[in-house]
Asker: 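Dumping the structure here so I can ask a few things about it.
Basis for what follows: all heavy atoms, side chains included, without hydrogens, waters or symmetry-related copies. Remember, predicted model here, so these are calculated numbers, not experimental data. Letters go in sequence order (proteins before strands), and every chain restarts at 1.
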There are 2 protein chains.
Amino acid sequence: MHGGGILHLQVAKKKPSRTGEVSLRADAQLNRERILAAAEEMFLEHGANVSLEDVAKRANVGIGTLYRRFPTREALLGAAYSARFLELAEASRARDGELTPTESVRAYLEQLVLHTNVYRGIAASLGTVLQTDTPGCHATSEEGRRLVRRAQKAGVIRRDVTFEDLVCVATAISLASEQSASSKSRVAHLVDVFLGGIASR
Amino acid sequence: MHGGGILHLQVAKKKPSRTGEVSLRADAQLNRERILAAAEEMFLEHGANVSLEDVAKRANVGIGTLYRRFPTREALLGAAYSARFLELAEASRARDGELTPTESVRAYLEQLVLHTNVYRGIAASLGTVLQTDTPGCHATSEEGRRLVRRAQKAGVIRRDVTFEDLVCVATAISLASEQSASSKSRVAHLVDVFLGGIASR
DNA sequence: CCACAAAGTGGAGGGTTGCTCCACTTGCAT
DNA sequence: ATGCAAGTGGAGCAACCCTCCACTTTGTGG
């Protein structure tokens, strides 16, 4: 090999797809999906605090592999929620025209609570999960911020209310409903009270 | 002993004090207090999730003894909070005359959040802790209900708002402040938003 | 087609905690 | 003084988390 060989493009051996992720080896990719599927099932069945070793077992994967791909429980939860949250964000955008700004926020909040309660034992960490670096979580946050801005521009909610306040409330409501197995009507009630609170006087 | 002995009153060997509690043996009572004191210190220092074995160690007591007296972590937390909550309730009653019904609720809420945040990692279970069977928790709940009723009679908050809603909000605010180390002003802000929400239109 | 470096794998193992159980000790009523 | 119910302590087991590293697999450059 002559010096020119160096010029030979260091082609995307690890195709660093624009987000910086490296592409996984085929077998690794398969395992990743297996883990995600297993996690989904286990979280649904036993709540978000299920033993990670059991998840690995169900995925037919060593515990080490699971940790290699998802270094923390939060990471796994975030990934598992990504698809769900992506749907949420898209659905919200889809009904954008049909609802008033206030009603959009209401719908968003209710959906956020609903999705959060899909797994039990996660409400308290909704804030953290939403910050996970994953398309779904990102999209959902973005959509939330957009709705807040829109409603504020329309002058129907207070200027000093932030998206974080919204998450805080969603957390509380989710927590309440997972603790006392609150009915759907209680959720609606709590959302209602909060909406009253953020409305412009 | 002759049959008459049976009539001999089964005197309160275990003085079942009107609440059904049995009085402890002197040494047991002492240990109970030691445990409580140790728990107080450890919770303050390391948050509500500190290892119970460590608590037992600090109390110079076997782990078995701790479990015998406080079968669950919640029980221990409830007991540790009792004194604190008793103060809260009394302070609230004390300033009863000086504040408007709305301001009473505001003060109560802020105090509840403040007390909840004395130990870290407890916000999410405020609801459960408040239900612990202990004088302080009982007093605090009672006082909260009273304030809600009073404000409703005065017509300044919505009729459909319950004390449980209040606890839910206190939980949210406490959680937010222990997670993102929220400033005091954020607490005030969130309380404010909520108060706006429960106010009568 | 092969050889081989990098990527990936699995699970043993060490650390922590929760909780139970029971052989022993102690207080107290008689 | 004595008997026994109440109380005690901590060994021990089970569950879980997470790390670490000897081995296996993939896919690439020659």
Asker: Using atom names, set out every protein N or O paired with an N or O of nucleotides 1-4 of chain D below 3.5 Å, distance rounded to 0.1 Å.
Answerer:
none

Asker: Quick one: B:Phe70 CZ to C:dC19 P, roughly how many Å, whole number?
Answerer: 15 Å
Asker: To the nearest Å, give me how far apart CZ (B:Arg68) and C1' (C:dG18) are.
Answerer: 18 Å
Asker: To the nearest angstrom, how far is A:Leu24 atom CG from D:dT25 atom P?
Answerer: 18 Å
Asker: Would you mind classifying the nucleic acid contact of A:Ala56 as base, sugar-phosphate or nothing, using non-hydrogen atoms under 4.0 angstrom?
Answerer: nothing
Asker: Among C:dT9, D:dG7, C:dC28, which nucleotide has an atom closest to any side-chain atom of B:Asp27?
Answerer: D:dG7
Asker: Whole-Å distance between D:dG7 C1' and B:Leu66 CG?
Answerer: 14 Å
Asker: Strictly below 4.0 Å, N to O, side chains only: are B:Arg32 and B:Asp27 in salt-bridge contact?
Answerer: no
Asker: Is B:Glu142 salt-bridged to B:Arg93, cutoff N-O under 4.0 Å?
Answerer: no
Asker: Less than 4.0 angstrom from a charged side-chain N to a carboxylate O is my criterion; do A:Arg95 and A:Glu90 meet it?
Answerer: no
Asker: When the distance from CD of B:Glu74 to C1' of C:dC19 is rounded to whole Å, what number comes out?
Answerer: 16 Å
Asker: A:Asn60 CG to C:dG10 P: how many Å, rounded?
Answerer: 9 Å
Asker: Hey, is A:Arg150 close enough to A:Glu143 for a salt bridge, meaning N to O under 4.0 Å?
Answerer: no
Asker: Check this for me, if you would: do A:Arg120 and A:Glu45 make a salt bridge, where the nitrogen-to-carboxylate-oxygen distance has to be below 4.0 angstrom?
Answerer: no
Asker: Scan nucleotides 10-24 of chain D nucleotide by nucleotide, 5' to 3', and note B when protein non-hydrogen atoms come under 4.0 Å of the base, S if they reach only the sugar-phosphate, - if neither.
Answerer: BB----SBBB-----
Asker: Does the side chain of A:Asn31 get closer than 4.0 angstrom to OP1 or OP2 of C:dT9 through an N or O atom?
Answerer: yes
Asker: Hey, are B:Thr65 and B:Asn31 close enough side-chain-wise for a donor-acceptor pair under 3.5 Å?
Answerer: no
Asker: Can you confirm whether A:Phe70 sits close enough to A:Leu52 that some side-chain heavy atom of one is under 4.5 Å from a side-chain heavy atom of the other?
Answerer: no
Asker: Salt-bridged, B:Glu164 to B:Arg145, with N to O below 4.0 Å?
Answerer: yes
Asker: Answer yes or no: does a side-chain N or O of B:Arg69 lie under 4.0 Å from OP1 or OP2 of D:dT8?
Answerer: yes
Asker: Compute whether any side-chain donor of one residue and acceptor of the other, for B:Glu40 and B:Tyr119, lie under 3.5 angstrom apart.
Answerer: yes
Asker: Output the rounded distance in Å from CZ (B:Arg32) to C1' (D:dT8).
Answerer: 17 Å
